[in-house]
Structure formats: C-alpha cells, structure tokens
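Since we're looking at a predicted model, the values are computed, not measured.
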Amino acid sequence: MAVLLCVGIFSTPGGTASDYAIALVFALALAALIGFGCWKLRAGANGWRVFFTILSAITVATLPFTLVDHSQTVAYKTVSALIAALAIAGLVFSWLPTSNRYFHHAAEHRRAVNAQRYAEFVRDNPPPESVRWKMHPNQPPMPPPGPPGQNQPPHGG
C-alpha cells in the first residue's frame, strides 16, 4: 500500500521537491508501520488486526471523495482504487473463520507460555515463609528452591 501511495503521490503534477520529499518520508514511515504490523499479525496479535481493519475502513471510506475530485489525475484515482481494493481484500481475508481460528490459537499459545513462565518464576523464586504462612496458613513449609529431586531423601536408606 505504501508503494502504491508513493506512486500515486508522485503521479500528481505540480508538486515541488519539498512536497515530494515530505510525501516520501510519510510513505516510508507508513511502510515501516505496515511492515511492523504485518510482522505482529504473523505472530497472532489481534490488536494489529483491529488496527488494520480500521485503517482499511478509512481507506475505503475516503475513496469516493478521491474519485470525484476533479483536481486529481486518472493515474492517482486508479492507484487509489487499487489501494482500496487491496484494503477490502485484506479486510475480508483477515476476518475469515480460518483467520479467527489462527488468532484464537495464537492467543491460547501466548497464555500457555506466560503461565509456564510464571510457574517457573514462582518455583525458582518462592515467597518468604512469613508471607507464605499468611497466604496459606494450613500448608507445610516449602522445601528450599533447587532442581526437582535435589532435596529428596535417598532411596532404600
């Protein structure tokens, strides 16, 4: 989309060099944002899917204004229509049932990984006995931290 935006901007006649430089910086920033968002989408970040949905809706909503603007060239209008078509396609594909399953499974995986990390952290960094007794007064004292089986009595002994 950012490349098509650059093509559309540079196809507009009558711009100065500073206008084109500002447009190029904007297009590169937009390309970086879209690239980062696509990377996060690949990781299953649902917030970026919502962001791209809003961005696509804005793109499609502004297309009629671009098409009726008599100051724009046919090339700019064509590129704008192509960008809107890509936005609609991305919008449809991002909310298909298979995409929903992908984002759901990615969220489940992140929750499982975070739960495992938390369990390992609590195992390796238990709270002090004074705090633990206040939290769970009916439980026996915890063994000191270490690898599993390190503090167990020897077998057959």
Side-chain angles (χ1 to χ4, degrees), residues 1-128 130-132 134-136 142 144-148:
M1 284 178 65
V3 171
L4 290 175
L5 180 65
C6 274
V7 169
I9 289 170
F10 288 116
S11 67
T12 305
T16 64
S18 64
D19 292 340
Y20 290 137
I22 291 171
L24 183 62
V25 168
F26 176 74
L28 289 175
L30 183 63
L33 180 68
I34 289 172
F36 179 74
C38 290
W39 177 61
K40 293 302 279 183
L41 274 178
R42 179 72 175 99
N46 194 44
W48 281 95
R49 181 168 68 154
V50 172
F51 172 76
F52 281 125
T53 298
I54 293 168
L55 186 65
S56 297
I58 291 170
T59 302
V60 172
T62 59
L63 177 66
F65 300 108
T66 303
L67 294 178
V68 298
D69 187 6
H70 298 293
S71 66
Q72 300 297 335
T73 63
V74 174
Y76 184 81
K77 290 179 182 181
T78 304
V79 170
S80 296
L82 184 58
I83 290 172
L86 288 173
I88 291 171
L91 188 66
V92 168
F93 286 127
S94 68
W95 292 99
L96 288 175
T98 53
S99 297
N100 289 337
R101 279 193 301 275
Y102 175 78
F103 283 99
H104 178 73
H105 290 310
E108 285 180 352
H109 176 71
R110 276 192 309 277
R111 280 192 292 273
V113 166
N114 288 339
Q116 180 66 30
R117 285 182 186 159
Y118 180 73
E120 291 171 359
F121 174 78
V122 169
R123 182 194 70 213
D124 295 338
N125 302 300
S130 61
V131 174
R132 189 172 177 279
K134 290 177 186 175
M135 292 169 40
H136 307 285
M142 290 179 65

Which pairs count as side-chain hydrogen bond (donor to acceptor under 3.5 Å, both in side chains) when at least one residue sits in residues 31-42, sequence neighbours excluded? R42-Y102

Quick one: [atom1] on [X] to [atom2] on [Y], what's the gap to the nearest 0.5 Å?
| X | Y | atom1 | atom2 | result |
| --- | --- | --- | --- | --- |
| I83 | S56 | CD1 | OG | 11.5 Å |
| L55 | L91 | CG | CG | 10.5 Å |
| H105 | R110 | NE2 | CZ | 13.0 Å |
| K77 | T66 | NZ | OG1 | 9.0 Å |
| C38 | F52 | SG | CZ | 4.5 Å |
| I34 | F51 | CD1 | CZ | 8.0 Å |

Heavy-atom donor-acceptor pair, [X] side chain to [Y] backbone, under 3.5 Å:
| X | Y | answer |
| --- | --- | --- |
| R49 | L41 | no |
| R117 | A112 | no |
| N125 | F121 | yes |
| S99 | W95 | no |

Side chains of I54 and I58 in contact at under 4.5 Å (non-hydrogen atoms): yes

Below 4.5 Å, heavy atoms only, C-beta onward: do Y76 and D69 meet side chain to side chain? no

Any idea which heavy atoms bring S94 and N100 closest together, and the distance?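 Taking every non-hydrogen atom into account, O-OD1, 4.5 Å.
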
Can you name the side-chain hydrogen bond (donor to acceptor under 3.5 Å, both in side chains) partners of T62, sequence neighbours left out?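 None.
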
Assess whether side-chain contact (heavy atoms from CB on, under 4.5 Å) is satisfied between L82 and T78, documenting all intermediate values. CA-CA 6 Å; L82 184 58; T78 304; 5.7 Å; no

Begin from the C-alpha positions of S80 and L63 and carry the test side-chain contact (heavy atoms from CB on, under 4.5 Å) through to its verdict. CA-CA 7 Å; S80 296; L63 177 66; 4.1 Å; yes

Kindly determine whether I88 and F93 satisfy side-chain contact (heavy atoms from CB on, under 4.5 Å), including the steps that lead there. CA-CA 9 Å; I88 291 171; F93 286 127; over 6 Å; no

